[in-house]
Each structure stands twice: as C-alpha cells, then as structure tokens.
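One structure is given below, encoded as structure tokens.
Note that ligands are numbered from 1 as they come in the structure, with each ligand's atoms numbered from 1 the same way. All values reported here derive from a predicted model rather than from experimental measurement.
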Amino acid sequence: MAHRITLIPGDGIGPEVTEATVRVLEATGAAFKWDREEVVGAASVEAGGEPLPEAVIESIRSNSVALKGPVTTPVGKGFKSVNVQLRQKLDLFANVRPAKSLPGLDTPFKDVDMLIFRENTEGLYSGLESYDERHGIADSIARISKSGSERIIRFCFEYAKLHGRKQVTVVHKANILKLTSGMFLRLAHEVAEQYPGIEFQDRIVDNMCMQMVVRPQEYDCIVTTNLFGDILSDLAAGLVGGLGVIAGANIGEDCAVFEAVHGSAPDIAGQDKANPTALIRSAEMMLRHLHEFAAADALHAGLMEIYTEGKYLTGDLGGPCGTQEFSNRLAERVAAHV
Ligand code: NAI
Ligand code: MG
C-alpha cells in the first residue's frame with residue numbers, strides 16, 4: 001500500500017532538493033502518494049494568505065508524516081517562522097539531528113557519530129517577545145516547562161536505549177540561567193537515574209562548543225534546549241561536511257516532519273548547485289519511521305557507495321555534479337540495491 005505523505009517543497013533551494021529526494025525515494029521501491037503543499041511562507045503571504053495555511057497543517061495531521069524543504073523566514077521583521085510554527089502547532093517536540101562522518105569526505109574530523117536531540121517547541125523560540133518603545137527595551141522570553149523538558153530528555157534516553165547508544169550528554173547554561181537551564185539540568189539528572197546502563201554527563205554550552213571542535217568523537221547523544229540545539233547542530237554539520245549533508249526529523253506524539261537542518265540558501269537557489277544529501281538522509285529517517293527498512297537500507301547503501309567513490313559529489317564538497325546529476329546517479333545506485 002502506498003504511503004500518503006505531505007510534501008512541502010518550500011522555497012529557495014527547497015524545490016530543487018525536494019525533487020531530487022523524491023526521485024531517490026521512488027527508486028527505493030517503496031510506494032508513495034504525495035499530497036503537495038506548494039504555497040507556504042512568502043508565496044502564501046503574497047497571495048493574501050497566512051504564512052502557514054491551515055490546509056497544510058490539516059494535511060500533515062491526516063497523513064501523520066511530511067517531507068519538507070526549507071522555508072525562508074524574513075530576518076528581524078515580517079511574518080513568524082513557518083518552521084517554528086509548524087513544530088509548535090503539531091507539537092513536534094523532538095528535533096533529532098544525526099551528525100555522522102561520511103566515507104570519502106576530506107573533513108577536519110573522522111569517525112564523528114553524534115546525535116543531537118533539540119527541544120523543538122519551547123525556550124527562546126516560544127514567541128514571547130515584546131518591545132517597550134518608551135524605554136527602548138526588548139524582551140525575548142525563554143520559557144520552558146517541566147513536562148516539555150522531561151519529555152525531550154526521556155525521548156533521548158529511550159532512543160539511546162533502543163539503538164544501543166552508550167552515552168548521553170545534557171548541554172545547558174545552568175551557571176547563569178539558574179531557573180531555566182537549571183531546571184533542565186536537574187530533570188536530566190533525575191531521568192538519567194532511570195537508565196543506569198547509559199553513561200550520563202553534563203556540559204555547559206560554551207565549553208561544549210569547544211569540546212565539539214576539539215574531540216567530537218567523544219560525544220554520542222546530546223540533549224538540550226531549543227536555541228542551544230539549533231546552534232550546536234549547525235556546528236556539528238561543520239564537523240562532517242557542512243549543511244549540505246545533515247538530516248533532521250521533527251517528531252511528536254502524532255505526527256513527524258522530516259527536513260534537513262539547512263535553510264533555503266538564497267545564495268545558490270535555482271542554480272542546480274544545492275546538495276540534496278541532507279534531505280535525502282532525512283528521507284532515509286522517514287523510511288525507517290514508516291518501517292520501510294529494506295527501502296531505507298537500499299537508500300543508505302546507494303548513498304555510501306556514491307560517497308565512498310567520491311566521483312559524483314556536489315560543488316559544496318568539491319565535486320563536479322549539480323543537484324540533478326547527483327540525484328540521478330544516486331537513484332541508479334539505490335535501484336541496484338533494491
Ligand atoms: P542556510 O542553511 O540556508 O545557508 C547557509 C550556508 O550554507 C549558505 O552559504 C548556503 O549556500 C549553504 N548551504 C545550505 N544548504 C546547502 C545545501 N543543501 N547545499 C549546499 N550548500 C548549502 O542558512 P541561512 O542563510 O542562515 O538561512 C537562509 C534562510 O533559510 C533564512 O530565511 C532562514 O530563516 C531559513 N531557514 C529555514 C530553515 C527551515 O526551513 N527549516 C532552517 C534554517 C534556516
Ligand atoms: Mg538552524
């Protein structure tokens with residue numbers, strides 16, 4: 001039976017990497033019926049609609065799974081981030097971002113294999129912002145809840161247990177943010193006690209940034225609040241080949257939205273330059289979420305082959321291929337593994 005999936009191509013490089021990903025997914029042998037939602041973000045606002053139309057939310061609610069390209073958010077003004085709204089409205093509380101070294105890439109670090117679990121609905125992204133015109137004072141409130149913190153921490157430990165991971169590191173700034181980060185850290189210690197088989201440690205976020213670029217191999221699962229997770233996942237991307245290769249999944253109780261860590265990359269949009277690997281790896285996570293394990297394994301095998309060979313990579317990794325050629329070659333390899 002075909003899986004019904006909401007497909008949001010997004011803008012910037014979104015439509016290019018989404019098309020490439022669909023091509024590769026269709027080579028896995030798994031069957032899909034795509035519910036295309038093309039008009040979101042600026043395109044929707046220009047047409048007189050909401051940045052995130054209710055119909056898009058409804059489509060994801062009814063299909064339970066979406067594959068999504070990046071959507072541009074105006075900086076410092078304009079509409080609220082479609083990406084943040086989607087995560088909040090669907091209560092996609094867990095943002096999972098694996099950063100694993102790929103074969104054949106000449107990166108500063110080898111054998112990196114970490115997973116970042118970012119709380120996805122609270123913290124500084126709560127949308128609690130105000131500006132006091134008279135005094136020239138701006139506030140952005142980092143509100144977190146006990147239940148929201150506990151569920152992402154537990155999600156991380158459960159994932160670690162299920163997948164045989166050895167260690168969890170909680171990242172915080174509890175020395176300064178005593179109430180918010182302090183609570184997150186305390187809850188992490190409490191939850192950790194229920195998982196005696198998993199090594200547990202904590203790091204202050206600034207030190208963690210340094211640790212990650214000096215000895216990234218020493219970290220396994222990392223769980224943290226929204227802003228720290230956002231920053232650390234781009235940092236982790238830099239360790240293993242850049243934003244073009246890092247996948248992500250936004251997971252809630254009822255729905256899941258699979259999207260790359262990177263944004264809409266307006267500097268290279270529409271030029272067939274984007275690396276679709278990040279979204280393709282998100283699609284691999286989606287296949288596993290759908291229990292399409294054989295299809296996921298075929299996709300993975302094809303991708304590892306292309307990277308090990310190193311001849312058909314995209315420009316961001318020093319290769320000669322555009323988005324389309326890369327995905328065509330990858331689709332051929334994937335089909336050969338089905
Ligand atoms: P970005 O991730 O779009 O780009 C940062 C740099 O990485 C650029 O030089 C870009 O060319 C490069 N890059 C990104 N993805 C690439 C890929 N697949 N292949 C090759 N190179 C790639 O981040 P930036 O510039 O900060 O954000 C641009 C827009 O994207 C903003 O409006 C931002 O709000 C939005 N954004 C959306 C996200 C989402 O939809 N989930 C996530 C992050 C940002
Ligand atoms: Mg980000």
Could you establish whether [X] and ligand 1 come within less than 4.0 Å of each other, counting only heavy atoms on the residue side?
X	value
V17	no
A278	no
L279	no

Is it the side chain, the backbone, both or neither of [X] that has a heavy atom closer than 4.0 Å to ligand 1?
X	answer
I268	side chain
R87	side chain
K273	neither
I13	side chain
P276	neither
T72	both

Given the protein's heavy atoms, is any one of them under 4.0 Å from [atom]?
atom	value
atom 9 (O) of ligand 1	yes
atom 24 (P) of ligand 1	no
atom 34 (O) of ligand 1	yes

- [ ] Return yes or no for this condition: an N or O of D267 is under 3.5 Å from an N or O of ligand 1.
- [x] yes

Open item on the list: Counting only nitrogen or oxygen atoms and a 3.5 angstrom limit, does A274 reach ligand 1?
Closed with: no

- [ ] Indicate yes or no for a side-chain donor-acceptor contact from T28 to the backbone of A295 under 3.5 Å, with no hydrogens or angles considered.
- [x] no

Protein heavy atom at shortest distance from [atom]:
atom	answer
atom 44 (C) of ligand 1	G263 CA, 3.3 Å
atom 30 (O) of ligand 1	S264 N, 3.0 Å
atom 18 (N) of ligand 1	N275 O, 2.9 Å
atom 41 (N) of ligand 1	E259 OE1, 3.0 Å
atom 14 (C) of ligand 1	H262 CB, 3.7 Å
atom 32 (O) of ligand 1	T73 N, 2.9 Å
atom 3 (O) of ligand 1	A265 N, 2.8 Å
atom 7 (O) of ligand 1	L243 CD1, 3.8 Å

Can you confirm if the aromatic rings of [Y] and [X] lie within a centre distance of less than 6.0 Å?
X	Y	answer
F117	Y159	yes
F258	H289	yes
Y195	F200	no

- [ ] May I ask you to list the atoms of ligand 1 that are less than 4.0 angstrom from any heavy atom of V261?
- [x] 42 (C), 43 (C)

Task: Interfacing atoms of ligand 1 (cut-off 4.0 Å, heavy-atom, P266) - done: 28 (C)

Ion pair present between [X] and [Y], side-chain N to carboxylate O less than 4.0 angstrom?
X	Y	result
E190	K146	no
D35	R4	yes
K100	D111	no
R288	D297	yes
E325	R329	yes
E199	K166	no
K173	D206	yes

Do [X] and [Y] pair up side chain to side chain, a donor and an acceptor below 3.5 Å, judged on atom types alone?
X	Y	result
R23	S327	yes
E129	S140	yes
K68	N83	yes

Task: Test: R118 cationic atom under 6.0 Å from Y125 six-membered ring centre, within 45° of axis - done: yes

Task: Which atom of D230 approaches the Mg ion (ligand 2) most closely (N/O/S) - done: OD1

